[in-house]
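Residue indices begin at 1 and follow the sequence shown. Values below: all heavy atoms of this structure, side chains included; hydrogens, waters and symmetry mates excluded.
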Amino acid sequence: MTAKIILCSGCGTKNRIPEVKPKGKATCGNCGKLIGIKGKKGSFLSSLLRVFLSLWFVWAITLFVVFVPYLDNSKNKASRNSNSHQQLEKKTFRKIDPNENIILDLTPIPITKGIISKNYASGVAPLKIETNYGNDYYIKVVNIANNQEALTAYIAGGEDFEIMMPLGTYEIRYAAGKIWYGTQYYFGPNTTYKADELFKFTFDGNQYTGYTVELILQTHGNLSTSYIDPSEF
């Protein structure tokens, strides 16, 4: 059996200790102080643990350096996108008024498409309104006999609207635009139009006469329109 010579840190006495770790704790033969003995296995595990901790520390620093700027950039990008969305949804324009010019900061107002109001019980003559993509439309069908609104409706761009109308002569007015600000400002400035022609819904004894109207801003459309001030809409 081989032995190791270990110097006591207390009194400096040389102690002969067996190479195989003895049971219990080794003490100095002179002063009785404990002598720490590190076996080969313990030394290897300790070294391995130190290497692992060192590598873990390096990995942690690398992740921090790489991903923190990325997270900051993502946060800034999200903030910019949010600001862009707010700028798109919130418009500032000048109200056209004969007595005053006021800068208005407007917020979009939600609206449900379809019939908004209908001031008659039933209809017999068909009315179909076709629209194109790009703008939404706020419709007013006005009875010429009493200058009262028989119908108001909101049509999303690219969709059609169909309804039965009472007999009579009507004018179709509409406002077109992308963002709805309510019935006071509609879609913003310069978006209000009216139909120059009148629509006569009649019955000839055999059938009812109705209309299909294209509210599409095009050169050769079937409906002649002209701009009117929002106050006249």
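As a member of the Ile/Leu/Val/Met/Phe/Trp/Tyr network built from side-chain separations under 4.5 Å, Met164 groups with nothing else and remains a singleton.
Side-chain contact check for Glu130 versus Thr212: some heavy-atom pair is nearer than 4.5 Å. You'll find the side chain of Ile129 reaches within 4.5 Å of the side chain of Ile155, heavy atoms only. In this structure, the side chains of Gln148 and Val142 stay at 4.5 Å or more apart for every pair of heavy atoms.
A ring-centre distance under 6.0 Å is found for Phe203 and Tyr208. In summary, the aromatic rings of Phe201 and Tyr211 are positioned with their centroids under 6.0 Å apart.
Interatomic distance, CG of Asn146 versus CG of Asn119, reported as 9.5 Å (0.5 Å rounding).
Note on Leu127 and Ile115: same hydrophobic cluster, where clusters join Ile, Leu, Val, Met, Phe, Trp and Tyr whose side-chain heavy atoms are under 4.5 Å apart, directly or indirectly.
The two residues Ala176 and Phe187 make their nearest non-hydrogen contact at C-CD1, 3.4 Å. Residue Tyr174 comes nearest to Tyr137 through the heavy atom pair CD1-CD2, 3.6 Å, listed as atom of the first residue, atom of the second, then distance. The shortest non-hydrogen separation linking Ala150 to Tyr170 is CB-CE2, 3.8 Å. Nearest approach of Pro166 to Ser122, heavy atoms of both residues: CG-O, 3.7 Å. In this structure, Thr209 and Ala125 approach most closely via the heavy-atom pair O-CB, 3.6 Å. Of all heavy-atom pairs between Asn143 and Thr169, the closest is OD1-O, 3.6 Å.
Thr152 contributes no side-chain N or O that, together with a main-chain N or O of Ile139, makes up a donor-acceptor pair within less than 3.5 Å. The closest donor-acceptor contact from the side chain of Lys178 to the backbone of Gly134 lies under 3.5 Å.
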Next on the checklist: Apply side-chain contact (heavy atoms from CB on, under 4.5 Å) to residues Glu171 and Ile144 and explain how you reach the verdict.
Outcome noted: CA-CA 7 Å; Glu171 181 181 56; Ile144 296 301; 3.8 Å; yes
Checklist entry - Given Ile111 and Ile116, is the side-chain contact (heavy atoms from CB on, under 4.5 Å) satisfied, shown in steps? => result CA-CA 9 Å; Ile111 188 171; Ile116 297 175; 3.8 Å; yes
Checklist entry - What do the steps show when you test Lys200 against Leu167 for side-chain contact (heavy atoms from CB on, under 4.5 Å), and what is the final call? => result CA-CA 8 Å; Lys200 296 180 180 181; Leu167 299 181; over 6 Å; no
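Among residue pairs with one or both ends in residues 154-165, those qualifying as side-chain hydrogen bond (donor to acceptor under 3.5 Å, both in side chains) are Lys113-Glu159, Asp136-Tyr154; sequence neighbours excluded.
Remark: Lys140 fails to qualify as a cation-pi partner of Tyr138 under the 6.0 Å distance and 45° angle criteria applied to the six-membered ring.
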